[in-house]
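Since we're looking at a predicted model, the values are computed, not measured.
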Amino acid sequence: FNLHFIFGQEMIRRIRIYHYFTIFQMNFITGQTGVFFICCIFHIELCGETKPQNYMESFIKLFHSSVADCWDNKAISQFHVKELNYSEFAKEIAVLQDMWSAAGLQRGDKISINAKSGVNWMTVFMASVTGGYVSVQLFNGFTPADTQKLVSHSDSRILYTEKAIFSAMDFESMPELLAAIDVESGDLLASRNGFEAVYNNRYAAFDAKYPQGYGKSAFQDRVANAP
């Protein structure tokens with residue numbers, strides 16, 4: 001899938017790759033010419049160093065400014081499956097973040113993603129990164145047993161995965177996990193501690209929070225007031 005971030009050329013020059021964390025395709029459009037990059041997201045917790053964190057903060061600021069500048073443009077697409085423009089992408093990210101918060105997650109909590117790449121995968125990833133959570137990406141080719149061990153070892157609070165993988169996992173053996181969710185369908189595969197009610201009410205709660213709609217000004221206020 002392609003992620004279409006529209007940044008200025010000077011912004012492009014300020015991006016630095018500090019550590020390989022995950023790889024995805026990005027299409028940066030600079031001025032009137034399209035430039036294609038393979039870009040890597042850097043890890044934010046390397047040996048207590050501060051530079052990766054600063055770079056991540058810069059990356060998040062670039063993303064937020066791009067969302068505001070390109071509100072009505074296409075942001076992310078999955079061939080013949082799904083695409084979102086920036087305003088839709090921003091809303092889906094905000095809905096996830098508010099739902100996680102309502103379920104009791106704190107900044108720094110782990111959210112595992114164990115599924116094929118796609119629009120929903122990228123939405124969960126960007127929601128976790130920009131919301132102050134730690135995204136734990138697990139190769140979807142791992143066996144369910146190995147995935148279960150990694151989810152437990154990472155102290156993940158929520159797992160986004162695939163039904164076929166989760167069907168061979170034991171939810172009761174992952175006591176720290178609040179919920180498991182199918183990435184593609186959005187089906188809640190398992191949950192505990194009242195998460196199901198929060199999950200089922202996520203869009204209604206978001207609409208109640210933004211009765212005038214989640215427009216660009218609401219997005220900018222949210223970013224400005226974020227912790």
Side-chain angles (χ1 to χ4, degrees), residues 1 3 21-22 24 41 75-78 80-84 88-210 214 222:
F1 66 102
L3 188 63
F21 191 43
T22 189
F24 55 91
I41 299 299
I76 184 170
S77 59
Q78 187 174 342
H80 284 328
V81 177
K82 183 179 182 179
E83 69 178 37
L84 299 174
E88 295 166 331
F89 195 28
K91 179 178 179 178
E92 291 301 316
I93 287 172
V95 168
L96 285 173
Q97 291 171 346
D98 283 2
M99 177 189 69
W100 295 337
S101 178
L105 270 68
Q106 305 291 323
R107 290 172 63 86
D109 280 346
K110 281 59 166 203
I111 296 171
S112 283
I113 312 174
N114 171 231
K116 297 181 183 71
S117 298
V119 167
N120 293 342
W121 187 103
M122 196 63 207
T123 304
V124 174
F125 175 77
M126 290 305 295
S128 60
V129 169
T130 59
Y133 302 96
V134 176
S135 178
V136 180
Q137 289 110 69
L138 303 175
F139 176 48
N140 70 309
F142 288 149
T143 66
D146 287 340
T147 299
Q148 182 173 312
K149 291 175 183 176
L150 291 168
V151 170
S152 296
H153 182 70
S154 66
D155 296 324
S156 291
R157 303 288 284 140
I158 298 180
L159 169 64
Y160 286 85
T161 186
E162 300 170 9
K163 289 180 182 178
I165 297 173
F166 188 74
S167 64
M169 297 171 67
D170 181 13
F171 184 65
E172 297 305 318
S173 296
M174 299 178 283
E176 296 301 316
L177 202 64
L178 278 177
I181 299 166
D182 182 73
V183 167
E184 287 305 312
S185 68
D187 290 347
L188 186 60
L189 304 177
S191 66
R192 55 169 57 95
N193 298 344
F195 183 88
E196 182 177 5
V198 173
Y199 187 73
N200 291 338
N201 192 52
R202 64 194 186 281
Y203 285 107
F206 189 82
D207 291 341
K209 183 177 180 179
Y210 297 98
Y214 193 64
R222 182 186 178 96

With rounding to the nearest 0.5 Å, note down the distance linking [atom1] in [X] to [atom2] in [Y].
X: L189; Y: L159; atom1: CG; atom2: CG; result: 8.0 Å
X: R202; Y: N200; atom1: CZ; atom2: CG; result: 7.0 Å
X: K116; Y: N140; atom1: NZ; atom2: CG; result: 5.5 Å
X: E176; Y: S154; atom1: CD; atom2: OG; result: 10.5 Å
X: I113; Y: I181; atom1: CD1; atom2: CD1; result: 11.0 Å
X: L138; Y: L150; atom1: CG; atom2: CG; result: 5.5 Å

Let me see the working for T161 and T147 under side chain to side chain contact (heavy atoms under 4.5 Å, CB included), right down to the final yes or no.
CA-CA 10 Å; T161 186; T147 299; 5.6 Å; no
Closer than 3.5 angstrom, by distance alone: can the side chain of [X] be matched with the main-chain N or O of [Y] as a donor-acceptor pair?
X: R107; Y: G131; answer: yes
X: Q97; Y: A127; answer: yes
X: D109; Y: V134; answer: no
X: Q148; Y: D170; answer: yes
X: S128; Y: Y133; answer: no
X: S167; Y: A164; answer: yes

Test side chain to side chain contact (heavy atoms under 4.5 Å, CB included) applied to Y214 and V95, step by step:
CA-CA 10 Å; Y214 193 64; V95 168; over 6 Å; no
Looking at side-chain heavy atoms only, is the closest gap between V151 and N114 below 4.5 Å?
no
Mind checking whether W121 and Q78 have side chains closer than 4.5 Å, heavy atoms only?
no
How far apart are the closest heavy atoms of [X] and [Y], and which atoms are they?
X: L84; Y: E92; result: CD1-CG, 4.4 Å
X: K91; Y: D207; result: NZ-OD1, 3.8 Å
X: A75; Y: F89; result: CB-CD2, 4.1 Å
X: V81; Y: E184; result: CG1-OE1, 4.5 Å
X: F195; Y: L178; result: CB-O, 4.1 Å
X: S156; Y: V136; result: OG-CG2, 4.2 Å

Could you go step by step and tell me if V124 and L96 meet the side chain to side chain contact (heavy atoms under 4.5 Å, CB included) rule?
CA-CA 7 Å; V124 174; L96 285 173; 4.1 Å; yes
Say whether Y210 and R222, considering side chains only, have a donor N or O and an acceptor N or O under 3.5 Å apart.
yes
Would you list the pairs meeting salt bridge (charged side-chain N to carboxylate O under 4.0 Å, His left out) in which at least one residue belongs to residues 134-144, sequence neighbours left out?
none
Mark yes when over 12 heavy atoms from residues, nucleotides or ligands other than E196 sit less than 6.0 Å from its CD; otherwise mark no.
no
Test salt bridge (charged side-chain N to carboxylate O under 4.0 Å, His left out) applied to D187 - qualifying residues, sequence neighbours left out:
K163
Can you check side chain to side chain contact (heavy atoms under 4.5 Å, CB included) on W100 and R157, steps first, answer last?
CA-CA 9 Å; W100 295 337; R157 303 288 284 140; over 6 Å; no
Would R192 pass as a cation-pi partner of F171, given that its NZ or CZ must be under 6.0 Å from the six-membered ring centre and within 45 degrees of the axis?
yes
